[in-house]
Amino acid sequence: MVLTGAGISAESGVPTFRGPGGFWRSYSPERLATAEAFGQNPRLVWEWYDWRRSIVRKAEPNAGHRALVELERQKTDEFREPSRFTLVTQNVDGLHDRAGSRNVLKLHGDIWQVRCVGCGAEERNEQVPLEELPPHCSCGALLRPAVVWFGEPLPAAAWQRAVEASEQAQLFLVIGTSAVVYPAAGLAEVGREAGARLAVVNAEPTPLDATADWVLRGQAGELLPRLL
Ligand code: BV8
Ligand code: ZN
C-alpha cells in the first residue's frame with residue numbers, strides 16, 4: 001500500500017501546497033480549494049486551476065513516480081494478483097497515470113476532469129489555457145474542477161478501496177505528504193492497526209514519523225529508486 005502527496009511531484013516542478021512556493025498570489029490553497037470560494041468567485045478559483053493545469057501540463061513524471069511503476073510491476077508479476085499492490089494518491093496532477101501506474105486511486109479527484117454544477121455531467125477537459133474562464137457546460141451552467149475541496153466528501157468508491165488495501169497491507173509506504181489532511185492521512189493509522197509496517201519517505205518531518213518503523217528523510221526522486 002502506497003500513499004502519496006504533493007511531495008512526489010515537487011521534483012517534476014509542480015508546487016506543493018504548504019511548502020515555500022505553496023501559496024499563490026496572496027491566497028492559500030485552503031482558502032481557494034473550497035466550494036465557498038468557488039461560489040463567491042468562480043473566475044478567481046478557475047484562474048488558480050488554469051495556472052496549475054498549465055504547470056502540470058509542462059511537468060513530466062520523475063524518478064519517484066517511475067520507481068512506483070516498477071514496484072507495482074514487480075509486486076503484480078511476483079504474486080500474479082494485482083491486489084498485492086495499491087497506489088493511493090492525494091494528488092490531482094495525474095502524473096502517476098502518465099508515469100504508467102495502473103488503477104491509481106485518486107482520493108482528491110483529478111485536475112483534468114470537470115463537473116457541471118447544474119446537470120452533474122463530468123468530462124475530461126485538457127484545454128491549456130482554458131478557452132472560456134470560467135468554463136460552462138453545454139446545459140449553460142458553470143463547470144467546476146472535479147476535485148475534492150475542503151469540507152467535501154471523498155469519492156466513496158476510491159475511499160472504500162483505499163481502506164480495504166490499508167487493512168490488508170503488510171507494508172504501508174507514505175511518500176511526499178505532510179500528513180495533515182484527513183481522512184487521507186488517517187489511512188496510515190488504519191494500516192498500522194491492521195498490523196502493517198509503516199515507512200515514511202519525506203523531505204521534512206511529519207506527524208507519522210513518531211509511529212513509523214522507518215523514516216527516510218530526503219527527496220522521493222532520489223530515495224525511491226534506491227529503495228527499489
Ligand atoms: C472532509 C484537492 C468531511 C484540491 C485537497 C480540523 C482538524 C482536522 C481535520 C479538519 C479540520 N477542519 C477541517 C478538517 C477536514 C479537512 C482537513 O483535513 N483539513 C486540514 C487542512 C486540517 N479535510 C477535508 O475537508 C476533507 N473532506 O473532511 O469532508 C465530510 C464528510 C462527509 C460529508 C461531507 C463532508 C477533504 C480534504 C481534501 C481537500 N482537497 N486537494 C486541490 O488540489 O486543488 S487537499 C490538498 O492537500 C491536496 O490534495 C494535497 O495533496 C493535500 C495534502 O497535502 P500534501 O499532498 O501533503 O502536500 P503538502 O504541501 O502539505 O506536503 C508536501 C510534503 O512533501 C511536505 O511534507 C514536504 O516536506 C514534502 N516534500 C516536498 N518535496 C519533496 C517532499 N518529499 C519528498 N521528496 C520531495 N522532493
Ligand atoms: Zn450541465
Side-chain angles (χ1 to χ4, degrees), residues 3-24 27-38 45-46 48-53 55-56 62-65 67-68 88-96 106-123 135-156 158-159 173-188 200-209 215-227:
L3 173 66
T4 63
I8 197 165
S9 296
E11 290 157 274
S12 298
V14 181
T16 60
F17 275 83
R18 296 166 185 81
F23 278 52
W24 178 59
Y27 298 96
S28 82
E30 273 86 357
R31 278 252 351 253
L32 283 178
T34 63
E36 291 73 31
F38 184 76
V45 172
W46 264 116
W48 183 46
Y49 281 94
D50 201 33
W51 172 67
R52 287 174 59 190
R53 285 157 52 113
I55 290 180
V56 171
N62 63 59
H65 297 107
L68 293 180
V88 178
T89 189
Q90 301 169 89
N91 300 341
V92 297
D93 59 30
L95 288 180
H96 284 303
K106 297 180 179 73
L107 294 183
H108 294 160
D110 184 335
I111 203 166
W112 298 113
Q113 291 283 113
V114 295
R115 185 169 66 241
C116 177
V117 301
C119 69
E122 182 156 328
E123 63 189 14
H136 288 81
C137 174
S138 49
C139 81
L142 267 177
L143 289 170
R144 60 165 280 177
V147 299
V148 180
W149 280 328
F150 288 102
E152 294 186 324
L154 274 56
W159 174 250
L173 198 48
V174 180
I175 305 166
T177 181
S178 58
V180 296
V181 174
Y182 281 79
L187 288 170
V200 176
V201 177
N202 208 60
E204 296 160 323
T206 81
L208 297 179
D209 294 2
V215 175
L216 286 73
R217 180 72 63 239
Q219 308 286 301
E222 195 260 318
L223 290 174
L224 289 180
R226 286 170 52 193
L227 194 63

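The first residue of the sequence shown is numbered 1, and numbering continues consecutively from there. One-based numbering, in listed order, for ligands and for the atoms of each.
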Student check: side-chain heavy atoms of [X] and [Y] closer than 4.5 Å:
X    : Y    : answer
V174 : V201 : no
I8   : N91  : yes
V148 : P155 : yes
W149 : L32  : no
K106 : V92  : no
V14  : L95  : yes
T4   : V88  : no
L142 : C137 : no

**Close approach of G64 to ligand 1, heavy atoms, under 4.0 angstrom** = no

**Message:** Any heavy atom of E222 closer to ligand 1 than 4.0 angstrom?
**Reply:** no

Heavy-atom contacts under 4.0 Å between [X] and ligand 1: side chain, backbone, both, or neither?
X    : result
V180 : backbone
E152 : backbone
A10  : side chain

Out of curiosity, [X] [atom1] to [Y] [atom2], how far, rounded to the nearest 0.5 Å?
X    : Y    : atom1 : atom2 : answer
R226 : L224 : CZ    : CG    : 10.5 Å
D93  : H108 : CG    : NE2   : 13.0 Å
L173 : L68  : CG    : CG    : 7.0 Å

**Message:** Less than 4.0 Å from atom 12 (N) of ligand 1, is there any heavy atom belonging to the protein?
**Reply:** no

**Request:** Using protein heavy atoms only, decide if any is under 4.0 Å from atom 7 (C) of ligand 1.
**Result:** no

If you have a sec, work out which protein heavy atom is nearest [atom] and how many Å separate them, to one decimal?
atom                    : value
atom 37 (C) of ligand 1 : V181 CG1, 3.6 Å
atom 48 (C) of ligand 1 : F17 CE1, 3.2 Å
atom 39 (C) of ligand 1 : V148 O, 3.3 Å
atom 57 (O) of ligand 1 : T177 OG1, 2.6 Å
atom 26 (C) of ligand 1 : Y182 O, 3.3 Å
atom 33 (C) of ligand 1 : P153 CB, 3.7 Å
atom 69 (O) of ligand 1 : E204 OE1, 2.5 Å
atom 35 (C) of ligand 1 : G151 O, 3.2 Å

Before signing off on this row, confirm whether [X] and ligand 1 have an N or O atom pair separated by under 3.5 Å.
X    : answer
T206 : no
W48  : no
A33  : no
V92  : no
E30  : no
F150 : no

**Request:** Assess whether salt bridge (Lys or Arg N to Asp or Glu O under 4.0 Å) is satisfied between R144 and E152, documenting all intermediate values.
**Result:** CA-CA 13 Å; R144 60 165 280 177; E152 294 186 324; 2.7 Å; yes

**Request:** Please could you name the atoms of ligand 1 that G218 approaches to less than 4.0 Å, counting only its heavy atoms?
**Result:** 77 (C), 78 (N)

Just distance, no hydrogens or angles: give the donor-acceptor pairs under 3.5 Å from side chains in residues 112-121, sequence neighbours left out.
unit_1 : atom_1 : unit_2 : atom_2 : d
Q113   : OE1    : R124   : NH1    : 3.1
Q113   : NE2    : E122   : OE2    : 3.3

**Message:** Taking the six-membered ring of W48 as reference, does the cationic atom of R52 (NZ for Lys, CZ for Arg) lie under 6.0 Å from its centre and within 45° of its axis?
**Reply:** yes

Quick one: side chains of residues 177-185, donor-acceptor pairs under 3.5 Å with protein atoms, not counting sequence neighbours, listed by atom name and distance.
unit_1 : atom_1 : unit_2 : atom_2 : d
T177   : OG1    : Q90    : NE2    : 2.8
T177   : OG1    : A179   : N      : 3.2

**Request:** Pull up every protein N/O/S atom sitting under 2.8 Å from the Zn ion (ligand 2), skipping waters.
**Result:** C116 SG, C119 SG, C137 SG, C139 SG

**Request:** Please identify each residue that fulfils side chain to side chain contact (heavy atoms under 4.5 Å, CB included) with P135, with sequence neighbours left out.
**Result:** W46, L130, E132, L143

**Prompt:** When you measure from atom 51 (O) of ligand 1 to each heavy atom in Q219, E11, R52, Q90, which option holds the nearest one?
**Reply:** Q90

**Message:** Has S9 got a side-chain atom pairing as donor or acceptor with S12's backbone, closer than 3.5 angstrom?
**Reply:** no

